[in-house]
Amino acid sequence: MTYVVTDNCIRCKYMDCVEVCPVDCFYEGENMLVINPNECIDCGVCEPECPAEAILPDTENGLEKWLELNRTYSESWPNITQKGDVPADADAMKDVQGKFEQFFSTEPGSGS
């Protein structure tokens with residue numbers, strides 16, 4: 001098992017999860033984070049820290065797409081180990097539906 005970041009993170013990117021990760025397995029895109037499933041030690045400390053409830057165990061049904069997306073982008077986006085600036089509209093975007101289709105960006109973030 002590993003944890004994955006889902007579309008709830010898109011344009012929220014609170015980054016509370018980054019601060020508690022003991023193995024620094026988060027990677028930053030322009031408007032979301034992903035977890036490298038090969039680095040995640042399945043400790044679960046990140047899941048309750050996410051205000052957007054975007055982090056889930058990959059054992060939940062229907063997360064295959066997200067596991068693959070996390071794997072793919074963790075290979076090209078920069079590692080992030082410190083919480084950065086939260087987007088100004090994060091709270092407004094938290095409960096928006098269909099964020100992947102509308103707002104997902106393949107561009108990398110700045111990392112830390």
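Quick caveat, the model's predicted, so the values are computed rather than measured. Quick note: numbers below take in every heavy atom, side chains included, and nothing from hydrogens, waters or symmetry partners.
Counting heavy atoms from C-beta outward, C46 and C21 have side chains that stay 4.5 Å or more apart. Between K83 and V18 the shortest side-chain heavy-atom distance does not fall below 4.5 Å. Using a 4.5 Å heavy-atom threshold, the side chains of C12 and K99 count as touching. A heavy-atom distance below 4.5 Å is found between the side chains of W77 and M32.
Residue C9 holds its SG atom at 13.0 Å from CZ of F100, rounded to the nearest 0.5 Å. Annotation: the span from E75 atom CD to N38 atom CG amounts to 7.5 Å, rounded to 0.5 Å. Within the model, atoms CE of M93 and CD1 of I10 stand 8.5 Å from one another, a figure rounded to the nearest 0.5 Å. Interatomic distance, OG of S74 versus CD1 of I35, reported as 9.5 Å (0.5 Å rounding).
When all heavy atoms of M15 and V86 are compared, the closest pair comes out as CE-N, 4.1 Å. Here the closest non-hydrogen pair linking I80 and G111 is CB-CA, 4.4 Å. In terms of heavy atoms, G44 sits closest to P48 at O-CD, 3.2 Å. Across all non-hydrogen atoms, the minimal contact from L69 to V34 is CD2-CG1, 3.9 Å. The shortest heavy-atom contact between V45 and P22 is CG2-CD, 4.0 Å.
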Audit row: Y27, L33, side chain to side chain contact (heavy atoms under 4.5 Å, CB included) steps and yes/no: CA-CA 6 Å; Y27 292 80; L33 303 176; over 6 Å; no
Verdict with reasoning, K94 to Y14, per side chain to side chain contact (heavy atoms under 4.5 Å, CB included): CA-CA 10 Å; K94 192 161 81 169; Y14 290 105; 3.5 Å; yes
Run the side-chain donor-acceptor check on residues 55-68: report pairs under 3.5 Å with partners two or more places apart or on a different chain.
from, atom 1, to, atom 2, distance (Å)
D58, OD1, T2, N, 3.1
E68, OE2, T72, OG1, 3.3

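Between the side chain of N36 and the backbone N or O of C25 there is no donor-acceptor pair closer than 3.5 Å. Side-chain N or O atoms of T81 include none that pairs as donor or acceptor with a backbone N or O of S112 at under 3.5 Å. Remark: the backbone N or O of D24 is paired with a side-chain donor or acceptor of N79 at under 3.5 angstrom. Within the 3.5 Å criterion, the main-chain N or O of N31 finds no donor-acceptor partner in the side chain of E107. Side-chain N or O atoms of K13 include none that pairs as donor or acceptor with a backbone N or O of A90 at under 3.5 Å. In this structure a side-chain-to-backbone donor-acceptor pair under 3.5 Å is missing from S105 to E30.
Around atom CD of E53, no more than 12 heavy atoms belonging to other residues, nucleotides or ligands sit under 6.0 Å away.
In terms of hydrophobic clustering, with Ile, Leu, Val, Met, Phe, Trp and Tyr side chains grouped at heavy-atom distances under 4.5 Å, V4 and Y73 are assigned to a common cluster.
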